[in-house]
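Side chains included, hydrogens not; waters and symmetry mates left out as well; all remaining heavy atoms used.
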Amino acid sequence: MKFLILLFSFQLLFGATPEQIEEYISVSSAEEELLQLQSQFSAMQNGFSQDANSSEETYDMQLLTVRFKEHLERALSETEMNEILENYKNVVYLQFVSNMMYVPDKNETDAYLFTLEEDETLKERLNLLEDISKALNKEKSMAVMFDELMLPLLKSAQGANTLNEEILKQRRTAYLKAMAESARRDTLFNLKEFSIEELEALREVVKTSAMNHETKAVYGATAYTLKEFFLSLASRYDVSKHDPSKYNKSTEDRNNTK
């Protein structure tokens, strides 16, 4: 038994190879998503740097891809990456990955989900979709995004002294709830054209250990990729201007005046 444990530990030392990482980047949606991140965060960085007299250095967005690949090599073993790549040979899963690149209109999503949740004849479809969403969008994996990105940003930002542990806990809960619901909505909507048979086949894929490894690794790699960038914004981020409770209150006030 000790020998088997030692052997298993030894095998974990061999991370995914650069060749495997490049193959993963090419067959998954990772490259497109990284490009979107570069564009979105470049705009965010520019927004924080509108002061012409600012001496703050800008973050090199090309580092996002480099850091993403570095983390995947460390987070996944060669065997795990082989299992992940095997999933991408599944036609149904490939179609799902392609569909998830589409960002639907909120009203369009609302209308579809209303029908899906109210129509009793769609109950089997809804149950399958919920199973798939739960397998893909696990809170434990998503939590790394708050713990490794938002929390360091909040603790280093202007006005951080106003945040106590209870407030941070509330923000974490609100962040995860919003993130989980957003992911659920996108997942359910982008599978609307799949047949019951295709959904059943997809459910088998997303419940594999390989899918679990991939999800954890990608969330971890994304957090690792963006951490330095988020910290570079900390000195320009004012906690008081990004208080969810104040936003919610102002929204309620506007609604009450209508």
Quick check: do [X] and [Y] have side-chain heavy atoms less than 4.5 Å from each other?
X	Y	result
E198	F96	no
F68	E33	no
Y175	L151	no
K138	T215	no
E83	E214	no
T65	I25	no
I84	M81	yes
R67	E228	yes

Whether R203 and E200 form a salt bridge (side-chain N of Lys/Arg under 4.0 Å from carboxylate O of Asp/Glu) is what I want to check.
no

Test log, rule side chain to side chain contact (heavy atoms under 4.5 Å, CB included), inputs M145 and L176
CA-CA 9 Å; M145 300 295 286; L176 290 176; over 6 Å; no

Quick one: does any side-chain atom of [X] pair with a main-chain N or O of [Y] as donor and acceptor, under 3.5 Å?
X	Y	value
R125	F194	yes
T115	A111	yes
E139	A180	no
S182	A178	no
S26	E23	yes
S98	L94	no

Can you measure from [atom1] ([X]) to [atom2] ([Y]) and round to the nearest 0.5 angstrom?
X	Y	atom1	atom2	value
I196	L199	CD1	CG	5.5 Å
L154	L163	CG	CG	6.0 Å
D105	F189	CG	CZ	8.5 Å
Y24	T17	OH	OG1	14.5 Å
Q95	N99	CD	CG	4.5 Å
E80	K216	CD	NZ	8.5 Å

If I compare all heavy atoms of [X] with all of [Y], which pair ends up nearest, and what's the gap?
X	Y	value
L191	L202	CD2-CD2, 3.6 Å
L72	A221	CD2-CB, 4.0 Å
A183	M142	CB-CE, 3.6 Å
A223	L149	O-CD2, 3.3 Å
S156	L231	OG-CD2, 4.1 Å
L136	V206	CD2-CG1, 3.8 Å

Is the number of heavy atoms from other residues, nucleotides or ligands within 6.0 Å of OH (Y102) greater than 12?
yes

May I have all residue pairs that pass salt bridge (charged side-chain N to carboxylate O under 4.0 Å, His left out) and include part of residues 155-170, sequence neighbours excluded?
none

Pairing residues for [X] by the side-chain contact (heavy atoms from CB on, under 4.5 Å) criterion, not counting sequence neighbours:
X	result
E32	S29, M101
V205	N87, N90, Y93
D119	T121, L122
L188	L113, L116, L126, L129, E130, S133, R184

When you look at K69 and E22, which way does the side chain to side chain contact (heavy atoms under 4.5 Å, CB included) test go after all the steps?
CA-CA 8 Å; K69 291 178 180 179; E22 291 301 329; 2.8 Å; yes

Tell me the ring-ring contact (aromatic ring centres under 6.0 Å, His included) pairs involving residues 196-225, sequence neighbours left out?
H71-Y224

Does the pair E181 and K177 meet the rule for a side chain to side chain contact (heavy atoms under 4.5 Å, CB included), with working shown?
CA-CA 6 Å; E181 180 58 18; K177 181 178 179 181; 5.7 Å; no

